[in-house]
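Labels below follow one simple rule: chain letters A, B, ... track the order of the sequence lines, proteins then strands, and each chain is numbered from 1.
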2 protein chains.
Amino acid sequence: MPPRLIDIATSLGVSAATVSNVLSGKGRVSPELADQIRSEAERRGYAPGGPGRALRTGRSGVLGLVLPDLSNPLFPRMAQALEHESAAVGYGMLIADSHGNARNQQGAIARLLKSGADGIILVPRRGAQLEDCAAPLVIIDTPSSPDNTVSADHYQGGTLIVGHLTRFNHRSLVFVGESNLSGVQRDRIAGMRDALPSYCTARTVWLEQEGPAAVVAAVKQGATAIAATSDLVALRLLAVLEDAKIAVPQQVSLSGFDDLIFASVMRPTLTTVIADEFAIARNAIKALIAQIEGTDHLPPSAIPMTLIPRTSTTGTP
Amino acid sequence: MPPRLIDIATSLGVSAATVSNVLSGKGRVSPELADQIRSEAERRGYAPGGPGRALRTGRSGVLGLVLPDLSNPLFPRMAQALEHESAAVGYGMLIADSHGNARNQQGAIARLLKSGADGIILVPRRGAQLEDCAAPLVIIDTPSSPDNTVSADHYQGGTLIVGHLTRFNHRSLVFVGESNLSGVQRDRIAGMRDALPSYCTARTVWLEQEGPAAVVAAVKQGATAIAATSDLVALRLLAVLEDAKIAVPQQVSLSGFDDLIFASVMRPTLTTVIADEFAIARNAIKALIAQIEGTDHLPPSAIPMTLIPRTSTTGTP
DNA sequence: CTGAAAGCGCTTACAG
DNA sequence: CTGAAAGCGCTTACAG
């Protein structure tokens, strides 16, 4: 049995209220008594908390995280960063996987709340609309999406990659996304498109609609660089290009997004764009706790992304 | 405000005790009253729980998961499976990342317990020893490790891959692991070694000690197949082999473990061995809940692994 | 400066 | 079959 507040109190011959006051730093208690209580609490490894405090204060000290798909390699890093940041401010982290569909997303929120979460961090599935949430909520998505959103600046990330490719003298590009239902992917490609100098041309392929063959076709028609909205898409394209006997980066340059684990290990190594997940996590946790505790908080700004140049974009036309 | 037990009770003019009894199916209550109570509870979306119940029963309905490193692509799948199975039996799931070191591992357990976990599922860092745990505990590791362990049969997985390679007429093999501090990796390689027919030879390389050059050297000395203890190791070896102008699978076959996301997408596609993570998760959750609830439970058996043959092992000597 | 008392929402003997 | 009462561990006015 872990020690209870009352154990500390009786063993020192004081009241529970006094122990509670000292440990929470609230009421005024004589320095000597306070010291005694603190050292006794430390000696026995006591810290207030648990369901007693939760019941009394209405707060559990636990946050809930809804992820669209833990098996997608992008999200574990986000989960890791969020867990780290929430632990750093003394909160626990409950997780729920919505398996990428909107109904499960509502169900996941409900489960987390039932398990006692004081607030929710939601990484939405591609534009899945959220009905409502009976608790403080922060969304991690993309700056173009509605309120309460913390995110990387995916649009700016898109400009980065196009700047890099045009600097290598590419004039005919292909932008490749998986699904145009994804706000993140749309913003990345919007950034690419808007950063394109007027003397360049680009075509956008959504894999969900046209399939990878459209990318191969574009290359055969003269495109010399492919910018994908994720490393996983880039990896798939690399395989398709290899099958079509198109060499990367000699015949076509290729880039991704997110610096997934394989990007630095595969051959060629993959040029990619990354955001500081810990900065995003920190902003998200801060914004959520501000809501929970009712304190003020500056509206979160988008975290800038960074280009990581690698060998997959070292070719020139 | 969510409805409380007492809200249901007063709106029906009955006592809290009766509502509680009906909803938990315990005391005997007249069928009519029970029905009324149940439908009123459903109408208002009430379900017992929260800190009130936790305080009274001493259980929170939440499990804690300690992972060595969420950014390692092997673990998110395990986390996803565990979250799924725990949700299926009505438990929430708290996570904590131990960042791969033993001190954090103890800290992670402490944090989870403080956040209210009724029990802990621990995926240990490479043989990091666990001091002690003041709560029910289940470990997910490898069958050769101590009590309370649920796992895939990594040894048998090793035998699978060697059977596959020798069937393709390979007679000189290389087994490659990252670290021989890992029980999982040791067991996988033990299985490989024990499955090796007497007319074959094999050499084991631990990357941590010898580096990838030793693998290239072994191939130059005549080895025709490489069995790695993980897909990530296999991917790294593929890059090194490519740099050394050794073609996979034409000149050497290569296999991994775990079917990580890139294994089926890269070229060549990677032969690998996989376990049913959901079966492992189910066993682990069952074993943990049996401990928590004090019910009996059969000792968990090791989950068999399955070979997934792909193009990286289609070469023959 | 310190403590007695009430109460957060629930469940569990127990009495009727 | 139903309910009054106590109590899980804590915090918070409030009284002294």
Please determine if a side-chain N or O atom of A:Ser15 lies less than 4.0 Å away from the OP1 or OP2 oxygen of C:dT2. no
Find the distance B:Arg56:CZ to C:dG7:C1' and express it as a whole number of Å. 16 Å
note: B:Lys114, atom NZ; D:dG9, atom P; distance rounded to Å ~ 18 Å
How close or far is atom C1' of C:dC8 from atom CZ of A:Arg59, stated in whole angstroms? 14 Å
Closest-nucleotide ordering on DNA chain C, the 5'-leading residue of B:Ser24 and B:Leu55: B:Leu55
Roughly, in whole Å, what's the span from CZ in A:Arg53 to P in D:dG9? 15 Å
Could you tell me the separation between the CG atom of B:Leu113 and the P atom of D:dG9, rounded to a whole number of Å? 16 Å
Bracket notation of DNA chain C in which parentheses pair within the strand, [ ] cross earlier pairs, and | pairs with another strand (Watson-Crick or G-U, under 3.5 Å): |||.||||||||.|||
No-hydrogen, no-angle side-chain donor-acceptor test under 3.5 Å, A:Ser11 and A:Glu40: yes
Considering only side-chain heavy atoms of B:Ala17, which listed nucleotide, C:dC10, D:dT2, D:dG3, is closest? D:dG3
Lys/Arg N to Asp/Glu carboxylate O, B:Arg38 vs B:Glu42, below 4.0 Å: no
From CZ of B:Arg4 across to C1' of C:dC8 the rounded distance in Å is 10 Å
Considering the options B:Met78, B:Gln80, B:His84, which one meets the side-chain contact (heavy atoms from CB on, under 4.5 Å) requirement together with B:Glu277? B:Met78
When B:Ser30 and B:Gly52 are each assigned the nearest nucleotide of DNA chain D, the 5'-most assignment goes to B:Ser30
Contact class for A:Pro51 (heavy atom, under 4.0 Å): base, sugar-phosphate, or nothing? nothing
Exactly one of A:Leu63, A:Leu65, A:Leu112, A:Val138 clears side-chain contact (heavy atoms from CB on, under 4.5 Å) with A:Ile120, and that residue is A:Leu112
If you look at every heavy atom in B:Asp141 and B:His154, which pair is closest and at what distance? O-CE1, 3.3 Å
Hey, does the side chain of B:Tyr46 come within less than 4.0 Å of C:dG9's phosphate (OP1/OP2), counting only N and O? no
In whole Å, what is the span from the CD atom of B:Glu32 to the P atom of D:dC1? 9 Å
Can you give me the closest heavy-atom contact between B:Val66 and B:Ala108, atom names plus distance? CG1-CB, 4.0 Å
Base, sugar-phosphate, or nothing: which does A:Gly58 touch, judged by heavy atoms less than 4.0 Å apart? nothing
What do you reckon, is CZ of A:Arg44 surrounded by more than 12 foreign heavy atoms closer than 6.0 Å? yes
What's the CG-P distance between B:Asn21 and D:dC1, to the nearest Å? 12 Å
